[in-house]
2 protein chains.
Amino acid sequence: MRKKRIKDSKKSREDILRAAEEEFSDKGLYGTRVDEIAKKANINKRMIYEYFGSKENLYKAVLVEVYSRLSQIEIESLKNEGSCTQKIRNIIEVYFKFIRDNPSFVNMVLWENLNKARYFNELDIKAIKDPTITLLRRIIEEGKQNGSFRVDIDTDQIIFSILTFTFSYYSNRYTMSALMRKKLDDDKNIQSRIGYVTDMFLKYMSV
Amino acid sequence: MRKKRIKDSKKSREDILRAAEEEFSDKGLYGTRVDEIAKKANINKRMIYEYFGSKENLYKAVLVEVYSRLSQIEIESLKNEGSCTQKIRNIIEVYFKFIRDNPSFVNMVLWENLNKARYFNELDIKAIKDPTITLLRRIIEEGKQNGSFRVDIDTDQIIFSILTFTFSYYSNRYTMSALMRKKLDDDKNIQSRIGYVTDMFLKYMSV
DNA sequence: ATATTATATAACTAACCAGTTACTTATATG
DNA sequence: CATATAAGTAACTGGTTAGTTATATAATAT
């Protein structure tokens, strides 16, 4: 027997959003059942439609939620002091760890890619992410000017590579773990991967 | 009005599999409708159950199909002659182009990762992929011995990186195209990416 | 205290969907 | 030619699901 809820629209909204994040990141827009979200949030299904209007809108709300969470951390870490080399080292580590600790972010990005980034574009998520890319670009350009980095490297390619390397370690961990016969989410493996990736980038970029 | 089929079990089976590949790679196991596959294959739904038993089994058949297709190309390309450096250069290009030309492969891998590689492991797909990884490992080890590559690089990390770089360019192309404000499936961008990736790896690996 | 309204619930509906049944038709072989 | 059987079809079933309706109750303002 489910206990009755005390009336608290803010908490209800949060409960729904949290349950929806778990379900959508796990099963996607199609695979998720609205009834299941209601059950998990311990709330009547009707309330989901009260607060979010439709299953699709709820999905979009989850997408915005997970992306905002990343953006905050990114901006935080990019403000750190130190040499350009140190900043690159730092951002790779911060990314890796954020992604390790936020599997629902990874999954939502995968769902979006399978969906041809439909909601991603509808919501203009790139606006949320833009400050990070701009900052990364600035660090690399600064490194080129002060002689830390080679001037002939392609800034965009490097940014793209950093994002790819960190994200994909997790996004493909299930098939890759099987192929490489290694548990990729093992902490020891993560740490050595971070070291290797950082090393490779800096060797490539440095003068 | 749909035209009647001539009796031809082999063709029917192929029609079903081809339609299923399109649907499953696009919409996943849950999102795909068996009726839709039947319609696309221009065949009665009953026949899908005749030949494949269940929706799930049909999905598995598609997974085996797309992986076998890659394996053939991989093994072919790895047999090529040339220096170790040339072989690495060659495999990166072959991978990139296979993946560009086989979007359903990319999608099936994404679906599997979202599904925690469930069918991938059930079917023991790693057995299909193993020869490739073994061959790649052999090339890198050979390069270390004959003095082309540094002996202190980690072979597994390099293999992992090569697979990641090629695959992820496509798997994340929709969100990344938005973020980088660039059409990643544009041929010019693909070509310059291949050049950059190859360059970076070889610079890192070479003595 | 009472009226108002935001928040909550149970039960319903119309559409959908995987898998099945009961049946028909085309083709190959003796 | 006859007939066995492989290949095909239409229509159904039982269960599920997104979204709705009608109604109840707790909090708040007056």
Side-chain angles (χ1 to χ4, degrees), chain A residues 1-63 108 111 114-115 118-119 122, chain B residues 1-63 108 111 114-115 118-119 122:
Chain A
M1 205 62 169
R2 197 177 310 162
K3 64 178 181 295
K4 288 208 166 174
R5 297 180 64 89
I6 329 162
K7 295 197 173 181
D8 183 344
S9 67
K10 193 160 168 287
K11 183 176 181 304
S12 295
R13 223 181 174 281
E14 282 168 4
D15 284 355
I16 293 169
L17 202 60
R18 187 187 29 73
E21 183 179 329
E22 288 178 30
E23 290 297 301
F24 281 131
S25 67
D26 203 40
K27 300 176 189 130
L29 180 57
Y30 289 111
T32 291
R33 303 294 153 229
V34 177
D35 288 285
E36 202 57 37
I37 295 175
K39 202 171 141 194
K40 202 168 222 169
N42 184 34
I43 204 164
N44 191 278
K45 180 163 64 159
R46 174 67 181 75
M47 289 296 99
I48 293 173
Y49 290 92
E50 179 70 22
Y51 294 129
F52 294 94
S54 69
K55 188 186 183 185
E56 205 181 29
N57 277 341
L58 180 53
Y59 176 88
K60 290 189 200 172
V62 168
L63 198 60
M108 291 303 287
W111 291 118
L114 281 165
N115 208 10
R118 178 170 159 198
Y119 298 106
E122 257 181 44
Chain B
M1 206 58 168
R2 196 178 309 161
K3 65 177 178 299
K4 290 207 168 177
R5 296 180 66 89
I6 331 162
K7 294 196 175 183
D8 182 344
S9 67
K10 192 160 168 291
K11 183 176 180 305
S12 294
R13 223 182 175 280
E14 282 168 2
D15 283 356
I16 293 169
L17 202 60
R18 186 186 30 72
E21 183 178 327
E22 287 177 30
E23 289 297 302
F24 281 131
S25 68
D26 203 38
K27 299 174 191 132
L29 180 56
Y30 288 112
T32 292
R33 304 294 155 227
V34 178
D35 289 283
E36 204 55 38
I37 296 176
K39 201 172 141 194
K40 203 168 221 170
N42 185 33
I43 204 164
N44 191 279
K45 179 161 65 157
R46 173 71 182 74
M47 291 293 98
I48 293 173
Y49 289 92
E50 179 72 21
Y51 295 129
F52 293 94
S54 68
K55 187 186 184 184
E56 206 180 30
N57 277 341
L58 179 55
Y59 176 88
K60 290 189 199 173
V62 168
L63 198 60
M108 291 303 287
W111 290 118
L114 281 165
N115 209 10
R118 177 170 159 197
Y119 298 106
E122 258 183 44

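Below, read A as the first sequence line, B as the second, and so on, with proteins coming before strands; counting in each chain starts at 1.
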Which atom pair, heavy atoms only, marks the closest approach of [X] to [Y]?
X	Y	value
B:Val62	B:Ala20	CG2-CB, 3.8 Å
A:Lys55	A:Phe24	O-CZ, 3.8 Å
A:Ala61	A:Phe52	CB-CE2, 3.9 Å
A:Ile43	A:Ser12	CD1-CB, 3.5 Å
B:Ala19	B:Ile37	CB-O, 3.8 Å

Check the distance between [N]'s [atom2] and [X]'s [atom1] and give it to me in whole angstrom.
X	N	atom1	atom2	answer
A:Ile43	C:dA10	CD1	P	12 Å
A:Glu50	C:dT5	CD	C1'	12 Å
B:Glu36	C:dA18	CD	C1'	14 Å
A:Asn42	C:dA10	CG	P	11 Å
A:Leu29	D:dG19	CG	C1'	15 Å
B:Glu56	C:dC17	CD	P	19 Å
A:Leu58	D:dA18	CG	C1'	13 Å
B:Met47	C:dA18	CE	P	17 Å

**Message:** With a 4.5 Å cut-off on side-chain heavy atoms, are B:Val34 and B:Leu58 touching?
**Reply:**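 B:Leu58 vs B:Val34: side chains apart.
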**Request:** Establish, with yes or no, whether the OP1 or OP2 oxygen of C:dA8 is under 4.0 angstrom from a side-chain nitrogen or oxygen of A:Tyr51.
**Result:**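 Looking at the OP1 and OP2 atoms of C:dA8, one of them is under 4.0 Å from a side-chain N or O of A:Tyr51.
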**Message:** So, OP1 or OP2 of C:dA18: does either fall under 4.0 Å of a side-chain N or O from B:Ser54?
**Reply:**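 Checking B:Ser54 against C:dA18: no side-chain N or O falls below 4.0 Å of OP1 or OP2.
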Enumerate all atom pairs, one protein N or O and one N or O from nucleotides 13-17 of chain D, separated by less than 3.5 Å.
{"unit_1": "D:dT17", "atom_1": "OP1", "unit_2": "A:Arg33", "atom_2": "NE", "d": "2.9"}

**Request:** With axes from five pairs an end, tell me the bend angle of the helix from C:dA1-D:dT30 to C:dG30-D:dC1, nearest 10°.
**Result:**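 Nearest ten degrees gives 10° for this helix.
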**Item:** Proximal nucleotide (of C:dA18, C:dA8, D:dG8) relative to the B:Tyr49 side chain
**Value:**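 The answer is C:dA18, which lies nearest to the side chain.
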Ionic contact status for [Y] with [X], cut-off 4.0 Å:
X	Y	answer
A:Lys60	A:Glu56	no
A:Lys40	A:Glu36	no
B:Lys39	B:Glu23	no

**Prompt:** A:Asn42 and A:Asp15: side chain to side chain contact (heavy atoms under 4.5 Å, CB included), yes or no, with the steps?
**Reply:** CA-CA 8 Å; A:Asn42 184 34; A:Asp15 284 355; over 6 Å; no
Under 3.5 Å, which protein N or O atoms sit close to an N or O of nucleotides 21-23 of chain D? Give each pair with its distance.
none

**Message:** side chain to side chain contact (heavy atoms under 4.5 Å, CB included) for A:Trp111 and A:Leu29? Distances and angles first, verdict last.
**Reply:** CA-CA 8 Å; A:Trp111 291 118; A:Leu29 180 57; over 6 Å; no
